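Report on the structure given below.
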Amino acid sequence: KLTEFNYFSISGRKSELLNELHQLVKGNVGKIIFAHDTVRVIECLVAQGDETIRNALFDEMKDEVISMAKSKFASFFVQKLVKYGTKDQRDAIFKELEGRVCELTKHKIANTLVEACYNDYCNAAQRNRFLQEFFGPNSGMIFTVVRFDFNRNFKCTANAYRQTTD
């Protein structure tokens with residue numbers, strides 16, 4: 001006997017199961033996120049769950065972004081947060097990465113996260129801050145002058161560079 005497909009009952013059941021799963025892992029995410037099999041469960045919650053689940057997972061793990069970025073398996077969780085999270089969550093992750101971009105770019109695992117953030121999700125100002133870390137503390141003035149005077153007077157950039165190196 002054929003049964004009628006009811007999308008809304010499946011959708012409601014899926015939401016119930018996701019909420020139940022979140023209740024089971026709540027408070028223990030920091031313990032289970034670094035294993036290869038259990039991180040998949042958390043990734044599923046981020047990708048399939050609603051915004052309240054994503055917010056709760058982010059709030060629980062927001063202080064561990066750098067250690068998760070360096071972890072072979074937890075880095076996938078951070079990538080999912082960047083992809084599916086809100087703009088505020090994404091900005092908070094980028095803030096955590098700032099100041100450590102050079103270090104993370106050299107890291108075997110974290111470099112994929114930095115690359116994905118830079119290429120796919122950062123706006124121009126965030127990209128500029130990521131790049132400034134590679135050029136040192138005096139580069140901020142150079143980038144500011146280039147951005148400000150690029151259309152009017154490009155010679156000003158060379159003068160600013162000479163002033164910062166003297």
Side-chain angles (χ1 to χ4, degrees), residues 3-140 143-144:
T3 58
E4 187 176 301
F5 180 74
N6 189 346
Y7 175 76
F8 295 107
S9 67
I10 292 174
S11 172
R13 178 77 176 137
K14 178 180 171 183
S15 148
E16 287 175 26
L17 291 173
L18 287 169
N19 286 329
E20 182 181 339
L21 179 60
H22 179 248
Q23 292 302 317
L24 290 172
V25 299
K26 191 190 303 185
N28 297 317
V29 176
K31 297 174 188 170
I32 65 176
I33 197 122
F34 293 98
H36 72 94
D37 50 355
T38 52
V39 72
R40 306 280 189 237
V41 174
I42 306 300
E43 287 178 43
C44 175
L45 282 173
V46 172
Q48 302 292 323
D50 59 2
E51 193 171 338
T52 57
I53 292 174
R54 280 193 290 271
N55 289 340
L57 290 172
F58 176 76
D59 289 339
E60 190 170 341
M61 298 305 296
K62 65 184 172 188
D63 298 330
E64 300 293 323
V65 171
I66 299 300
S67 63
M68 289 188 301
K70 293 179 180 181
S71 168
K72 184 175 182 179
F73 303 111
S75 64
F76 294 112
F77 170 71
V78 181
Q79 289 178 8
K80 292 283 185 184
L81 277 177
V82 169
K83 182 175 182 179
Y84 294 108
T86 64
K87 184 179 182 325
D88 293 334
Q89 291 171 349
R90 211 176 286 143
D91 290 342
I93 291 171
F94 295 158
K95 279 272 194 219
E96 286 289 319
L97 296 179
E98 285 177 16
R100 296 181 178 98
V101 172
C102 291
E103 169 196 346
L104 295 174
T105 302
K106 291 185 243 176
H107 194 272
K108 179 180 178 181
I109 295 162
N111 66 8
T112 57
L113 173 67
V114 173
E115 179 188 3
C117 290
Y118 181 84
N119 289 331
D120 300 333
Y121 301 104
C122 283
N123 60 31
Q126 291 164 333
R127 284 185 179 148
N128 196 8
R129 286 194 298 271
F130 276 28
L131 280 177
Q132 283 180 5
E133 291 184 33
F134 288 100
F135 297 111
N138 294 333
S139 67
F143 281 115
T144 304

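We number each residue from 1, following the sequence as shown. FYI, side chains are in, hydrogens and waters are out, and symmetry mates aren't considered; it's all heavy atoms of this structure. Remember, predicted model here, so these are calculated numbers, not experimental data.
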Trace of the side chain to side chain contact (heavy atoms under 4.5 Å, CB included) decision for Leu57 with His22: CA-CA 9 Å; Leu57 290 172; His22 179 248; 4.1 Å; yes

How long is the gap from [atom1] on [X] to [atom2] on [Y], to the nearest 0.5 Å?
| X | Y | atom1 | atom2 | answer |
| --- | --- | --- | --- | --- |
| Leu81 | Phe76 | CG | CZ | 14.0 Å |
| His107 | Ile66 | NE2 | CD1 | 10.5 Å |
| Lys72 | Lys108 | NZ | NZ | 7.0 Å |
| Glu20 | Gln23 | CD | CD | 9.0 Å |
| Asn111 | Leu104 | CG | CG | 9.0 Å |
| Lys14 | Glu16 | NZ | CD | 13.0 Å |

Testing the basics here: between [X] and [Y], what is the closest heavy-atom pair and its distance to 0.1 Å?
| X | Y | value |
| --- | --- | --- |
| Leu18 | Leu45 | O-CD2, 3.5 Å |
| Tyr121 | Ala116 | CD1-O, 3.5 Å |
| Ser75 | Ala69 | CB-O, 3.6 Å |

Parallel, tilted or perpendicular: ring planes of Phe94 versus Phe130, cut at 30 and 60 degrees: perpendicular

Within the side chain of [X], is there an N or O that forms a donor-acceptor pair under 3.5 Å with the backbone of [Y]?
| X | Y | result |
| --- | --- | --- |
| Arg127 | Asn119 | yes |
| Asn19 | Ser15 | yes |
| Arg54 | Tyr84 | yes |

Between [X] and [Y], is any pair of side-chain heavy atoms under 4.5 Å apart?
| X | Y | answer |
| --- | --- | --- |
| Val78 | Met61 | no |
| Glu115 | Asp120 | no |
| Tyr118 | Gln126 | no |
| Val82 | Cys117 | yes |
| Ser71 | Phe77 | no |
| Gln79 | Glu43 | no |
| Ile53 | Asp50 | yes |
| Val101 | Leu131 | no |

Evaluation steps, side chain to side chain contact (heavy atoms under 4.5 Å, CB included), between Met68 and Phe34: CA-CA 8 Å; Met68 289 188 301; Phe34 293 98; 3.9 Å; yes

Verdict with supporting geometry, Lys70 and Glu103, side chain to side chain contact (heavy atoms under 4.5 Å, CB included): CA-CA 10 Å; Lys70 293 179 180 181; Glu103 169 196 346; 2.5 Å; yes

Candidates Val46, Ile93, Thr86 - the one meeting side-chain contact (heavy atoms from CB on, under 4.5 Å) with Phe58: Ile93

Val41 and Leu21: CA distance, side-chain angles, deciding distance, side chain to side chain contact (heavy atoms under 4.5 Å, CB included) verdict: CA-CA 9 Å; Val41 174; Leu21 179 60; 3.7 Å; yes

Pairing of Lys87 and Asp91 as salt bridge, 4.0 angstrom limit: yes

